[in-house]
Amino acid sequence: MKTANLIVAMLLTSVGMFAQSVQGTKPLEGKTINVIGDSYARNHRRPYTETWHYKAAVALGMSCNNYGRNGGCIAFDRTREGFGPSLLQRYKEMTDTADYVLVIAGHNDADRVHANADSLRMVRDSLDALCQGLIHKYPRAKIAFVTPWAVPRPGFKEVTAIIKEVCAEHSIPVLDAAATSGIHVRDEQFRRLYFQAPGDTAHLNDAGHDLLVRWGMAFILGL
């Protein structure tokens, strides 16, 4: 009963803070969030200031440092391809202080593994090491992860499952964008309206990011 009451209290607090932010106050004024990941974080060919996570941070009163890089992977070094090292190396380049750390990645890993068992094990091991590294680097920060969309290609379900499982082992909250975002990546008409190109299955346009601002704010407030 005490646990249930605590959960209810946390939810009410989150809802109350969200309502305050909508009404004009900024409940996380002065806090800093570091966002790291692939082109979901960087926003591909559009400014990162159009991303839902940047807009959510601004609405909450936070300063936002963006460390997204197109083509980045959790596990695979793509330096020779021009996309740089894996997140397991790149997280060390972030500022040493932050109140929140948001990792948005997995799409490029999923496209590379194609559900191959050995490659999936490499993703799992790399993510485990990344989580440990982030916790060590930011012992007081609120760390969270956002999965890729529900892209209908081999590897995506598997990588999303790994993200959820490994983060749970480290008590890191996960925003499952494949299940909860309302981004209908399989719908061509939806992509025409809200993605950077009709054939794009990764990168939202400005209007697409606007669909997720309140969703992202609620997640951040609930951390």
Side-chain angles (χ1 to χ4, degrees), residues 33-57 64 66-88 90-91 101-116 119-120 122-123 126-127 130 144-164 166-167 174-213 215-216 219:
I33 183 169
N34 285 353
V35 181
I36 189 169
D38 53 25
S39 55
Y40 280 49
R42 177 62 186 84
N43 208 24
H44 193 41
R45 296 178 179 176
R46 298 296 304 165
Y48 74 86
T49 52
E50 292 180 359
T51 60
W52 65 264
H53 39 278
Y54 180 84
K55 294 177 181 180
C64 181
N66 190 292
Y67 296 92
R69 182 163 182 168
N70 290 351
C73 288
I74 297 168
F76 304 102
D77 188 313
R78 302 187 68 189
T79 302
R80 291 185 178 181
E81 301 169 72
F83 299 118
S86 70
L87 290 184
L88 189 53
R90 285 206 296 117
Y91 87 90
V101 177
L102 191 64
V103 185
I104 309 175
H107 184 107
N108 296 305
D109 295 88
D111 266 338
R112 291 175 71 85
V113 300
H114 298 298
N116 175 273
S119 296
L120 287 169
M122 182 176 177
V123 172
S126 297
L127 181 56
L130 174 62
F145 209 109
V146 183
T147 76
W149 321 123
V151 178
R153 292 199 294 272
F156 278 82
K157 286 185 178 179
E158 291 84 355
V159 167
T160 295
I162 286 172
I163 291 170
K164 293 163 69 175
V166 173
C167 286
V174 173
L175 186 53
D176 186 356
T180 65
S181 64
I183 298 301
H184 306 294
V185 68
R186 302 167 188 235
D187 186 325
E188 183 178 354
Q189 182 58 29
F190 186 94
R191 295 198 307 272
R192 288 182 182 277
L193 292 173
Y194 297 114
F195 277 73
Q196 292 183 24
D200 196 336
T201 59
H203 316 108
L204 299 174
N205 60 23
D206 194 27
H209 282 293
D210 282 344
L211 297 175
L212 299 180
V213 176
W215 173 79
F219 178 68

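- Using a 4.5 Å heavy-atom threshold, the side chains of Val185 and Pro152 count as touching.
- Looking at Leu127 and Phe145, their side chains come closer than 4.5 Å, going by heavy atoms from C-beta outward.
- With rounding to the nearest 0.5 Å, the separation of CG in Leu175 from OG in Ser181 is 8.0 Å.
- The closest side-chain heavy-atom distance from Leu204 to Trp149 is below 4.5 Å.
- Tyr54 is linked by a ring-ring contact (aromatic ring centres under 6.0 Å, His included) to Tyr48, counting only residues two or more places apart in sequence or in another chain.
- Atoms CG and CG, from Asp111 and Asp38 in turn, are 10.5 Å apart once rounded to the nearest 0.5 Å.
- Side-chain atoms of Arg192 and Pro198, non-hydrogen and from C-beta on, do get closer than 4.5 Å to each other.
- Here the side chains of Arg112 and Val123 are not in contact, with every heavy-atom distance at 4.5 Å or above.
- A distance of 9.0 Å separates NE2 in His209 from CD1 in Ile183, rounded to the nearest 0.5 Å.
- The side-chain heavy atoms of Lys55 and Asp206, taken from C-beta on, include a pair separated by under 4.5 Å.
- We find the CD1-CD1 distance between Ile162 and Ile74 to be 8.5 Å, quoted to the nearest 0.5 Å.
- Summarising the local packing, CZ of Phe195 is surrounded by more than 12 heavy atoms from other residues, nucleotides or ligands at distances under 6.0 Å.
- Residues Asp200 and Arg191 approach most closely at O-CD, 3.0 Å, considering heavy atoms.
- With respect to Ile104, the side-chain contact (heavy atoms from CB on, under 4.5 Å) criterion is satisfied by exactly one of Val35, Ile36, Thr51: Val35.
- Of the listed residues (Thr49, Ile33, Asn34), just one forms a side-chain contact (heavy atoms from CB on, under 4.5 Å) with Cys64, and that residue is Ile33.
- Judged purely by atom type and a 3.5 angstrom limit, Asn108 has no side-chain atom pairing as donor or acceptor with the backbone of Cys73.
- Of all non-hydrogen atoms in Arg69 and Gly82, the two that sit nearest each other are NH2-O, 3.6 Å.
- If you take CD on Glu81 and CZ on Phe76, they are separated by 11.0 Å, rounding to the nearest 0.5 Å.
- Residues His53 and Leu102 are in side-chain contact: their nearest non-hydrogen atoms beyond the backbone lie under 4.5 Å apart.
- With sequence neighbours excluded, the residues satisfying side chain to side chain contact (heavy atoms under 4.5 Å, CB included) with Thr147 are Thr160, Ile163, Val174, Asp176, Ala177, Ala178.
- Remark: Arg46 pairs with Asn43, Glu50, Gln196 by the side chain to side chain contact (heavy atoms under 4.5 Å, CB included) rule, at least two apart or across chains.
- A distance-only check finds a donor-acceptor pair linking the side chain of Asn205 to the backbone of Leu193 [under 3.5 Å].
- In this structure a side-chain-to-backbone donor-acceptor pair under 3.5 Å is present from Arg90 to Gly37.
- Ring geometry for Tyr40 against His107 counts as tilted: the plane angle lies between 30° and 60°, on a 0 to 90° scale.
- Of all heavy-atom pairs spanning Ser119 and Val113, the tightest one is CB-CG1, 3.6 Å.
- The two residues Ala41 and Gly68 make their nearest non-hydrogen contact at CB-CA, 3.8 Å.
- No donor-acceptor pair under 3.5 Å is formed between the side chain of Arg153 and the backbone N or O of Ala110.
- Atom CZ of residue Arg78 and atom CZ of residue Arg80 lie 14.0 Å apart, to the nearest 0.5 angstrom.
- Nearest approach of Phe190 to Gly182, heavy atoms of both residues: CZ-O, 3.8 Å.
- The shortest heavy-atom contact between Ala105 and Pro148 is O-CD, 3.6 Å.
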